[in-house]
Amino acid sequence: MHGYESCLEKERIALLEIKAFFQSVSNWDVDDILTSWIDDPTSSDCCSWEQVKCSAITRRVIELTHDYTRQWTLRILDDEAPRLNLNVSLFSPLEELQNLDLSSNSFEGLHGNKGSDSFGSLKKLEILNLGDNYFNDSILPYLASLTSLKTLILNENSMEKVFRPNQGLGNLTKLEMLDLSENSIIANDSLLIQGLADLKNLKFLDLSNNGISGSLTSGLCDLKNLVELDLSWNNFDGHITHCLNNLTSLKVLDLSFNRLSGNFSSVIANLTSLEYLSLSDNIFEGSFSPSLLANLSKLQVLNLSNNLIQVQNESFPWLPTFQLKALYLSNCSILAIPNFLLYQYNLRLIDLSHNKLVGNFPAWLLENNTKLEALYLKNNSLSGNLQLPKFKHNLLLLDVSNNRFSGELPSNMGKILPKLLSMNMSENSFEGNIPSSMGEMQKLIFLDLSGNNFSGELPTQFLTGCFSLFMLSLSNNKFQGTIFPKFMNLTNLQSLYLDSNNFSGKIGDGLSKAKSLGVLDIANNMLSGHIPDWIGNLSDLNILLMSNNVLEGNIPVQLNKHRNLQILDISKNRLLGSMTSSFNLSSARHLYLHNNQFNGTISSALLRSSQLITLDLSYNNFCGSIPHWINEFSSLRILLLRGNNFQGRLPKQLCQLIELSIMDLADNKLHGSIPGCFTNISLWRRPMQEYNDSQFYPWKYDPKPAYYGSYYDSTLNVGWWGWWTPVFSPSGQQQIGFMTKYRYESYQGTILNSMTGLDLSCNELTGDIPPEIGNLQELRALNFSHNFLSGSIPRSFSNLKMIESLDISDNHLNGQIPSQLTELNFLSNFNVSNNNLSGPTPNAGQFANFDERNYRGNPGLCGPTINKNCTGVLDSPTTESSNRAEEDQPAVDMVSFYWSFAASYVILMLGLFSILWINSYWRRISENLLSGSMGSSLDFASAASLLVEKCSQGDNSKCIVQKAFH
């Protein structure tokens with residue numbers, strides 16, 4: 001090209017070589033990389049190419065932006081894009097280059113000449129961005145020639161372990177900004193700062209999100225030109241060094257998320273240029289008065305949250321010299337709202353959560369600060385009614401959860417706060433209806449009113465006007481009426497929690513258009529009718545909880561074949577039907593179908609699944625044998641089949657469930673022997689590893705403050721990033737029912753993760769107890785009671801070191817109780833009653849706490865525990881027939897009792913129905929009452945019917961009661 005009409009030819013050729021390089025290291029959309037870079041010198045001016053900037057005067061290239069230029073799509077076997085070295089000589093012809101951005105390209109190293117010739121002739125380069133790659137400190141010598149460099153960004157690389165900045169950075173004497181954040185640097189502070197000592201012109205230093213340890217040394221204070229310093233998210237400890245007072249130009253200081261201690265007031269008070277100060281999440285201690293910040297007249301952001309300090313109110317009049325934009329004093333043991341806030345009028349964010357505040361809602365904070373966007377008062381002791389300003393306010397985020405507020409919400413709430421994006425009022429004592437004016441909150445994204453005493457029906461204006469809602473939680477209130485009416489317009493919902501209310505009637509279809517719905521919880525209501533087909537058509541649905549209602553009918557076909565559903569809980573309803581071959585929830589991880597009326601055999605697809613973690617089919621009418629087709633790669637942790645009609649032998653394939661922690665097959669008709677291969681189940685033999693499946697349980701969004709940068713403009717972008725952080729809700733965890741210690745316990749969360757148990761009680765199992773069972777050292781509960789097991793108690797049971805509950809009662813066991821069982825230090829429940837055991841009872845260790853109730857029905861036993869002298873007791877046990885004769889007598893009495901009970905119940909119900917048939921007035925009254933009590937009446941009737949059926953078959957009376965009234 002001629003003159004300065006276009007870019008220099010050698011620079012054009014160099015740029016085309018750079019393009020060819022990026023194409024050669026990409027595997028996706030190669031032709032779409034730098035499409036405007038065309039090799040046509042007559043018609044294509046490289047100064048007009050994308051990501052290129054030239055000088056308007058010289059037409060020389062002065063800026064290249066190549067972030068995310070390398071295109072790489074991950075293949076199945078790739079963990080990440082392959083890393084490679086960058087040839088720095090590619091940029092040598094660009095002699096006037098001032099700004100070069102090569103971030104986010106998965107480069108690992110540089111190659112070319114080191115030292116003065118490394119980047120060729122880039123003598124004018126002032127800004128170099130190599131962030132978000134995989135570089136380590138071996139690249140530093142290549143940077144030595146960049147003597148004009150003022151900004152060097154190396155964040156999100158791999159400068160880990162020993163970082164040696166003196167090997168290359170020492171020549172960069174003009175450097176003003178250095179970003180080494182998020183590198184996992186494991187270094188001692190003194191060594192690191194020593195390597196930066198020559199950078200006297202440094203103004204902006206970011207060492208955040210590393211593993212730097214040690215105390216804040218005086219070497220840091222030699223960088224006297226520092227304007228912004230971010231040392232957050234490291235392992236600094238000790239006190240803040242007083243020499244920080246030398247940093248008189250410091251505007252931004254972020255020491256949050258370290259281990260700093262002591263008192264910081266005397267150091268910080270003299271940094272008069274400070275505009276942004278964050279000391280949160282350390283272990284600073286002692287009392288702190290805001291008046292100590294009187295000299296910081298320029299302060300805009302103050303964050304002292306989550307320390308051991310006690311923020312105190314001043315006992316004297318004090319007018320602050322600063323006007324804050326953001327104040328974070330969460331978890332600072334504050335008893336009253338600081339007085340200095342009476343004189344703040346420019347606040348955008350206030351966080352006083354997790355303190356000890358009392359009194360009424362501070363509406364004056366909103367009145368004084370008309371620009372306030374976020375107010376967080378979570379987890380205090382504020383009380384009374386919610387009092388709002390009298391004028392419209394632009395508040396965006398409001399959190400008053402976990403307080404003691406009461407009364408009704410203001411009727412004009414939606415008119416006063418129309419711009420709210422998030423509102424959390426959960427865990428208070430609010431009551432009454434949701435105000436209709438809340439329908440005017442058309443921008444509302446998150447709303448949590450759970451854990452209150454709200455009642456009434458949901459207003460039409462609310463269900464149609466709040467169409468931006470992303471998450472809605474109304475759990476644990478007293479709302480009533482129908483659910484999902486046709487006019488409902490909440491089409492953007494992704495998480496909906498309506499559980500534990502008084503909603504009734506059939507499920508409407510007003511939610512069918514919420515195509516992005518991922519979580520739906522309507523458990524613990526009084527919903528009736530069938531599960532609607534449209535729920536199965538919500539393709540993004542991950543979690544569906546509908547337990548404890550009065551739903552009936554079959555599971556919809558659409559739901560049977562759902563491809564994304566991970567948790568399905570439809571337990572405790574009146575659902576029926578069989579699991580046909582179409583039942584194939586291939587993505588399901590947790591299935592809860594217990595306490596219904598399902599019948600037929602188990603779908604083999606369930607136990608073939610490698611995804612399933614929890615399968616609870618307890619208390620239904622399933623029959624047939626337990627499927628043999630079990631995936632050897634199964635992830636099943638919990639298998640509950642109690643209270644059905646399963647028959648046949650225990651399949652040895654159950655031993656392939658090596659991840660199993662709880663298995664309950666009790667109260668069926670299983671026969672044959674107990675497999676000894678249960679020792680294959682690893683969690684019963686060795687300590688359980690930390691297990692976290694919380695991502696597959698219901699979670700709620702907990703709105704966090706906007707990152708501080710939105711209230712303060714800093715070069716280093718200090719503070720949080722992002723507004724919304726998903727937080728797992730413990731209240732949303734599903735419960736597992738398991739019989740142990742004579743009680744039907746519920747387990748969830750971390751307790752469930754550490755629980756192990758095996759229950760084969762109330763079956764027809766025979767043969768000896770395999771001695772291999774004693775090798776299940778991590779088992780906490782073992783129940784083989786009410787079977788026909790014979791032989792002796794294995795001595796290997798002394799190896800059950802973690803056992804807490806051991807029940808082998810009501811069998812045909814004989815011989816002595818092994819004395820070695822006294823080594824079981826955690827055993828709190830032990831039952832061997834109604835067997836053929838003989839000899840002395842153990843009385844050492846935990847056995848000293850047991851009495852005759854644990855041994856009754858064994859005439860051959862003796863010892864002080866059962867008040868029977870062993871002298872003269874025959875060595876041979878009494879015959880089994882005589883023992884069983886004594887045992888069976890009370891069982892016959894119990895059968896007679898249940899027959900008479902069932903007959904009385906039938907007579908009572910016939911009499912009641914006769915009265916209602918004759919008297920129309922009482923019949924109308926009863927119809928109203930039955931709508932709320934039909935479930936319990938029918939369940940009671942079913943229980944009585946089951947008693948009659950089981951007693952006629954001569955089944956064990958104890959197991960009958962357990963199943964009939966569960």
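Just so you know, these numbers come straight off a predicted model, no measurement behind them.
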Seminar exercise, completed: Between N836 and N858, the two heavy atoms sitting closest are N-OD1, 3.2 Å
Problem set entry | E852 backbone acceptor or donor facing N867 side chain under 3.5 Å | no
For this session: Heavy atoms only: give me the nearest P651-I626 pair and the separation to one decimal.
Result: CG-O, 3.9 Å
For this session: Could you check if a side-chain atom of F598 sits within less than 4.5 angstrom of a side-chain atom of I570, using non-hydrogen atoms only?
Result: yes
For this session: Begin from the C-alpha positions of S475 and D499 and carry the test side chain to side chain donor-acceptor pair (under 3.5 Å) through to its verdict.
Result: CA-CA 5 Å; S475 307; D499 54 295; 2.5 Å; yes
Problem set entry | Check: L617 main-chain N/O paired with N644 side-chain donor or acceptor under 3.5 Å | yes
Exercise. Should we count NZ of K652 as having more than 12 external heavy atoms under 6.0 Å?
Worked result: no
Problem set entry | L800 versus I773, closest heavy-atom pair with distance | CD2-O, 3.4 Å
Exercise. Would you say S761's side chain and N783's backbone share a donor-acceptor pair under 3.5 angstrom?
Worked result: no
For this session: Return yes if some donor-acceptor pair links the side-chain N/O of T756 with the main-chain N/O of E778 below 3.5 Å, else return no.
Result: yes
Problem set entry | Option passing side-chain contact (heavy atoms from CB on, under 4.5 Å) with L760 (candidates L765, D667, L789) | L765
Exercise. Going through the distances and angles, do I602 and L641 end up as a side chain to side chain contact (heavy atoms under 4.5 Å, CB included)?
Worked result: CA-CA 10 Å; I602 299 182; L641 304 180; 4.1 Å; yes
For this session: Answer yes or no: is there a donor N or O on one side and an acceptor on the other, between the side chain of D521 and the main chain of L498, under 3.5 Å?
Result: no
For this session: Look at the aromatic rings of F847 and F830 and report parallel, tilted or perpendicular, splitting at 30° and 60°.
Result: perpendicular
Problem set entry | Nearest heavy-atom neighbours spanning T822 and A844 | CG2-O, 3.7 Å
Exercise. K801 side chain to S798 main-chain N or O, any donor-acceptor pair under 3.5 Å?
Worked result: yes
Seminar exercise, completed: Heavy-atom nearest pair, L824 first then I803, reads CD1-CG2, 3.8 Å
For this session: With side chain to side chain donor-acceptor pair (under 3.5 Å) as the test, would you mind laying out the steps for N549 and N573 before giving the verdict?
Result: CA-CA 5 Å; N549 282 285; N573 281 286; 4.7 Å; no
Exercise. Between F622 and F646, how do the two ring planes meet: parallel, tilted or perpendicular, split at 30° and 60°?
Worked result: parallel
Exercise. Quick one: do the D810 and N834 side chains pair a donor with an acceptor below 3.5 Å?
Worked result: yes
Problem set entry | Exam field: side chain W684 to backbone S661, donor-acceptor pair closer than 3.5 Å | yes
For this session: Locate the shortest heavy-atom distance separating P556 from I531; write the atom from each residue and the value.
Result: CG-O, 3.2 Å
For this session: Could you tell me whether the side chain of N763 and the main chain of L665 form a donor-acceptor pair under 3.5 Å?
Result: yes
Problem set entry | Whether S587 side chain and L565 backbone form a donor-acceptor pair below 3.5 Å | yes
For this session: Spell out, as yes or no, whether a donor-acceptor pair under 3.5 Å connects the side chain of R780 to the backbone of S754.
Result: yes
For this session: Kindly assign one of parallel, tilted or perpendicular to the pair Y592 and H594, based on the angle between their ring planes and the thresholds 30° and 60°.
Result: perpendicular
